[in-house]
Amino acid sequence: MAASPRRVGAETSKTRDTLLECVEQMMLDEGYASVSYRALATKAGVTPSLVQYYFPSLDDIFIAAIRRYSERNLAYLTKTLAERSEDPLRALWEVSRHEATGALMTEFMALGNHRKNIRAEIAAVTESVRKVHLDALVAKYGKGARLGGDLSLPALQWLISSLPKFLSLEEGIGVTTAHAEVTAAFERYLDSMDPPMSPRKRKAVPRKRRTPGGARSVPQPRDH
C-alpha cells in the first residue's frame, strides 16, 4: 500500500511568508550557511517541526526564498519597463546594476555553487528574467536589430544583465581597476543608441540601504 503524500503548508500562508522573511534576514546578516531548521525556528519564534511542515527539506527553504526574491524583482522590472518603454536600454541597465549589488543575490549565487538543486533554480530564474529583457528590446527595436552595427539584441542583453554582476563580484573582493572607465564607456554606448531622457522624465532607481555589518540590504522593489 503506497504511503499517502506528506502534507505541506500552503504557499499563501502568512506563516510561510514570515519564515521566508527570516531566511532573507539571516542570509544578509550571517550568510546562507546560518540557515538551518533550528536556527530559522528560533529566529521566527516557532518550532523546528513547523518549519519542516512548510519546507520538507533545506533545499525547499532556499528554492522558496529564491522564487520569492525573483518574483519581487520581476514585478519591479516589469513595472519599470512599462513606465519606460521608450527608454529600455537605460531602464534595463539601471535595474541590472541595482540588482547586481544586492547582498542577497551574492548569497544566492554562492549557495548555487554548492547545491545542485539551487543552481538549477537560479539558472531558471536568470533565463526568465533575460527573456523579459529581450522582449523589451525587441518591442523597441524589432527582432533581428543590431544596435551600432555589431551587437545583436541577445548579445546586448547579455552585456546589460551580466556586466553589473561581474563588476559587483570584483568589487566584493576589493578589485575596482578600470571599473569606472568600463562603466562610463558602456553608458556612452547606451546613450548613443538611445539619448537619455531628461532627469524629470527618468525615474531614478533607489540606492540600497546598508545593514549594520556593512552589507547592502535586500532590494525592496515592491515599495515603488
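As the structure is a computational prediction, the values presented were derived from the model and not from experiment.
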Novice: Less than 4.5 Å apart, side chain to side chain, heavy atoms only: is that true for R115 and L58?
Specialist: yes
Novice: Out of F62, F108, Y76, which residue meets the ring pair (Phe, Tyr, Trp, His ring centres under 6.0 Å) rule with Y69?
Specialist: F108
Novice: For Y32, which residues count as a ring pair (Phe, Tyr, Trp, His ring centres under 6.0 Å) partner, sequence neighbours excluded?
Specialist: none
Novice: Check whether any side-chain N or O of S162 sits under 3.5 Å from a backbone N or O of W158 as a donor-acceptor pair, and report yes or no.
Specialist: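 Yes: the side chain of S162 pairs with the backbone of W158.
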Novice: Within this structure, what is the CG-NZ distance for the pair L92 and K140, rounded to the nearest 0.5 Å?
Specialist: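 So the CG of L92 and the NZ of K140 are separated by 12.0 Å.
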Novice: Taking atom types as modelled, is there a side-chain donor on N73 or S70 under 3.5 Å from an acceptor on the other?
Specialist: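 No, S70 and N73 have no side-chain donor paired with an acceptor closer than 3.5 Å.
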Novice: Decide yes or no for I160 and F186: does some side-chain heavy atom of the first lie under 4.5 Å from some side-chain heavy atom of the second?
Specialist: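 I160 reaches F186 side chain to side chain.
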Novice: What residue pairs, at least two apart or across chains, pass side-chain hydrogen bond (donor to acceptor under 3.5 Å, both in side chains) with a residue in residues 177-187?
Specialist: W93-E187, R97-E187, E170-H179, E171-H179
Novice: Within the side chain of S128, is there an N or O that forms a donor-acceptor pair under 3.5 Å with the backbone of V125?
Specialist: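 Looks like yes, one N/O pair under 3.5 Å.
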Novice: When you compare the side chain of V46 with that of T18, does any pair of heavy atoms fall below 4.5 Å?
Specialist: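 A side-chain contact is absent here, since even the closest heavy-atom pair is not under 4.5 Å.
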Novice: For residues 143-151, run the donor-acceptor check on the side chains, cut-off 3.5 Å, and write out each pair with its distance to 0.1 Å, sequence neighbours left out.
Specialist:
| unit_1 | atom_1 | unit_2 | atom_2 | d |
| --- | --- | --- | --- | --- |
| R146 | NH2 | D150 | O | 2.9 |

Novice: Mind checking whether L169 and M109 have side chains closer than 4.5 Å, heavy atoms only?
Specialist: no
Novice: What's the spacing between M105 CE and M27 CE if we round to 0.5 Å?
Specialist: 10.0 Å
Novice: Between the side chain of D60 and the main-chain N/O of S57, is any donor-acceptor distance below 3.5 Å?
Specialist: yes
Novice: Measuring from L19:CG to L40:CG, what's the distance to the nearest 0.5 Å?
Specialist: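 Rounded to the nearest 0.5 Å, the CG-CG separation comes out at 5.0 Å.
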Novice: Taking side chain as C-beta onward, heavy atoms only, is L89 less than 4.5 Å from Y141?
Specialist: yes
Novice: If we ignore hydrogens and angles and just use 3.5 Å, is the side chain of K165 paired with the main-chain N or O of S161 as donor and acceptor?
Specialist: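 Yes.
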Novice: Which heavy atom of G112 sits nearest a heavy atom of I122, and at what distance?
Specialist: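 Closest pair (atom of G112, atom of I122, distance): CA-CD1, 4.1 Å.
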